[in-house]
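Heads up, the thing below is written out as structure tokens.
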Amino acid sequence: MSGVSFGYPPPVDAPEGTPPTIIVRNVSKSVLAGQRIGILGANGQGKSTVVKTIARDLAAIGGEITEGKGLNIGYFAQQELDVLRPSDTPLEHMIRLVKDMTAAGKIAGQQTREQDLRSFLGTFNFSGDMVKQAVGSMSGGEKARLVLCMMVWQRPNLLLMDEPTNHLDLATREALAMALNEFEGTLMLVSHDRALLRSVCDEFWMVSRGGIEPFDGDLDDYQRYLLDEAKRQREAIKEASSAAAKAERKAEAEATAAAAKVKHKPAPTGSLKRKLQDVEARMTVLNTEGAALEGHLSQSPPPSDFANLGKRLKAVNEELQALEEQWLDLSQQIESATA
């Protein structure tokens, strides 16, 4: 990765010229064969965005990513559970995977007979009648195991994992740690599971405040960092909310005072000026809210919050644009009436 920025492009319906949202910027790092990297950082700092970009699910916003020859990526994230078909069985999923890879010319020596596939499923605790059980009736942990099974069967040489243990019970977590330790390729792992990180990773990257740096502390230091960062974010949000509320109260007070001053002005400029004061007060409130929203977005909130904040910021900007046009129109009317 050379000077790479990670983030999200503007929505397809955004006005022309809308810039992308950059969450992590200007990263220059290499990942070499055999490295086992734990990716750390508080929620919303961009860990998943980085992994999605390396996995080719997102395009880099800037810079260049150069892949080694023969790179075969295996990517596991919780949303990958959505690729499963509820009415199909684990065996049917494996058979369809074989057909898809055969059609794409990607079969690399795997055993593809049904019995071989049953045996491979068995290594992930899908044995007996479970290979014929509909996926829709399975638990979250069982679905996660099936996705892991399908991914490992494809023999990736770079394994990207984003919070793989979220739905796994303790026994399956331990089995996953053993499987990852036996994996001979390169591993990049996003997880808050310190036991898993400690057992399978030998170096760590910290994603924080728009950048990526090596993390040289131990995982107990990391836990303390997460607690401190969560406290800092809560205080920043509280401070921004308080500032927005204070600005809104001030704008309302100013609008009331201004309206009182023009109360006895003769028509027609009196009513026009009252409307102008109302428009200016609303613009002040919206400008304050817009600045607060931009501040929240710059702190890389979780994707669900990111979408809601982005929608609200778009609505604020659209209303401001309409108010600016109204302000110009009213100003021209007042100038004409005065003349």
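No hydrogens, no waters, no symmetry mates; every other heavy atom, side chains included, goes into these values. Just so it is clear, the structure is predicted and the values come from calculations on it, not from any experiment.
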Charged N to carboxylate O under 4.0 angstrom, Asp278 versus Lys275? no

Does any part of the side chain of Leu84, heavy atoms only, come nearer than 4.5 Å to the side chain of Met150, both counted from C-beta? yes

Using side-chain contact (heavy atoms from CB on, under 4.5 Å) as the criterion, point out the one residue from Met138, Met130, Glu142 that pairs with Pro90. Met138

So Val4 and Glu64, side chain to side chain contact (heavy atoms under 4.5 Å, CB included) or not? Walk me through it. CA-CA 6 Å; Val4 176; Glu64 185 177 3; 5.6 Å; no

What closest approach, in Å, do Ala177 and Val200 show between heavy atoms, and which atom pair accounts for it? O-CG1, 3.8 Å

Distance in Å, Tyr8 OH paired with Ile22 CD1, rounded so as to fall on 0.5 Å steps: 13.5 Å

Salt-bridged, Glu213 to Lys29, with N to O below 4.0 Å? no

Using the side-chain contact (heavy atoms from CB on, under 4.5 Å) definition, which of the options Leu40, Ile37, Val190, Val27 pairs with Trp205? Ile37

Is there a side-chain contact between Pro164 and Leu176 in this structure, where contact means two heavy atoms from C-beta onward sitting under 4.5 Å apart? yes

Which value, rounded to the nearest 0.5 Å, describes the distance between Leu189 atom CG and Thr165 atom OG1? 8.0 Å

Do Lys132 and Asp129 sit within salt-bridge range, that is, some charged N less than 4.0 Å from a carboxylate O? no

Check: Arg209 and Gln45 side chains under 4.5 Å, non-hydrogen atoms: yes

Please report the shortest heavy-atom distance between Thr53 and Ala59, naming the atom on each side. CG2-C, 4.2 Å

Applying side chain to side chain contact (heavy atoms under 4.5 Å, CB included) to His93 and Thr89, what does each step give before you reach the verdict? CA-CA 6 Å; His93 278 88; Thr89 67; 5.9 Å; no

Minimum side-chain heavy-atom gap Arg118-Arg113 below 4.5 Å: no

Shortest non-hydrogen contact from Pro10 toward Pro19: CB-O, 4.0 Å

Whether the side chain of Asp88 engages the backbone of Ala134 through a donor-acceptor N/O pair (distance < 3.5 Å, no angle test) should be reported. no

Worked check of side chain to side chain contact (heavy atoms under 4.5 Å, CB included) between Leu286 and Leu323: CA-CA 10 Å; Leu286 290 173; Leu323 287 170; 3.5 Å; yes

Side-chain heavy atoms of Gln154 within contact of Met101, under 4.5 Å: yes

Worked check of salt bridge (charged side-chain N to carboxylate O under 4.0 Å, His left out) between Arg96 and Glu92: CA-CA 6 Å; Arg96 187 171 61 254; Glu92 287 170 336; over 6 Å; no

Measure the shortest side-chain to side-chain distance between Ile54 and Tyr75 over non-hydrogen atoms and say whether it is less than 4.5 angstrom. no

Hey, are the side chains of Asn72 and Leu158 touching, using non-hydrogen atoms and a 4.5 Å cut-off? no

Approximate separation, where rounding is to 0.5 Å, of Gln333 CD and Leu276 CG: 10.0 Å

hydrophobic_cluster_shared for Phe76 and Met178, side chain cutoff 4.5 Å: no

Cation over ring face, Arg145 and Phe126, 6.0 Å, 45°: yes

Any salt bridge between Asp220 and Arg194, counting N to O under 4.0 Å? yes

Would you find more than 12 non-hydrogen atoms of other residues, nucleotides or ligands less than 6.0 Å from Arg173 atom CZ? yes

Would you say that more than 12 heavy atoms from the other residues, nucleotides or ligands in this model lie under 6.0 Å from the CZ of Arg85, or not? no

According to a 4.5 Å side-chain heavy-atom criterion applied to Ile, Leu, Val, Met, Phe, Trp and Tyr, with indirect links allowed, do Val279 and Val285 form part of one hydrophobic cluster? no

Run Arg56 and Glu67 through side chain to side chain contact (heavy atoms under 4.5 Å, CB included) and show every step you take. CA-CA 11 Å; Arg56 312 181 188 118; Glu67 297 183 353; 2.9 Å; yes

Smallest separation among heavy atoms of Gly74 and Pro156, with atom names: N-CB, 3.3 Å

Minimum heavy-atom distance between Ile61 and Phe6, given as atom pair plus value: CG1-C, 4.0 Å

Tyr222 vs His192 aromatic rings, parallel, tilted or perpendicular, using cut-offs 30° and 60°? parallel

CG/Asp162 to NZ/Lys47 distance, rounded to the nearest 0.5 angstrom? 8.0 Å

CG-CD distance between Leu272 and Gln277, expressed to the nearest 0.5 angstrom: 12.0 Å

How far apart are the closest heavy atoms of Val131 and Gly128, and which atoms are they? CG2-O, 3.3 Å

Nearest-0.5 Å distance that lies between atom CG in Leu91 and atom CD1 in Ile95: 4.0 Å

Does some side-chain heavy atom of Cys149 sit less than 4.5 Å from a side-chain heavy atom of Leu121? yes

Please walk me through it: do Asp218 and Arg198 pass salt bridge (charged side-chain N to carboxylate O under 4.0 Å, His left out)? CA-CA 9 Å; Asp218 60 29; Arg198 189 178 286 114; over 6 Å; no

When you measure from the side chain of Arg36 to the backbone N and O of Asp202, does any donor-acceptor pair fall under 3.5 Å? no

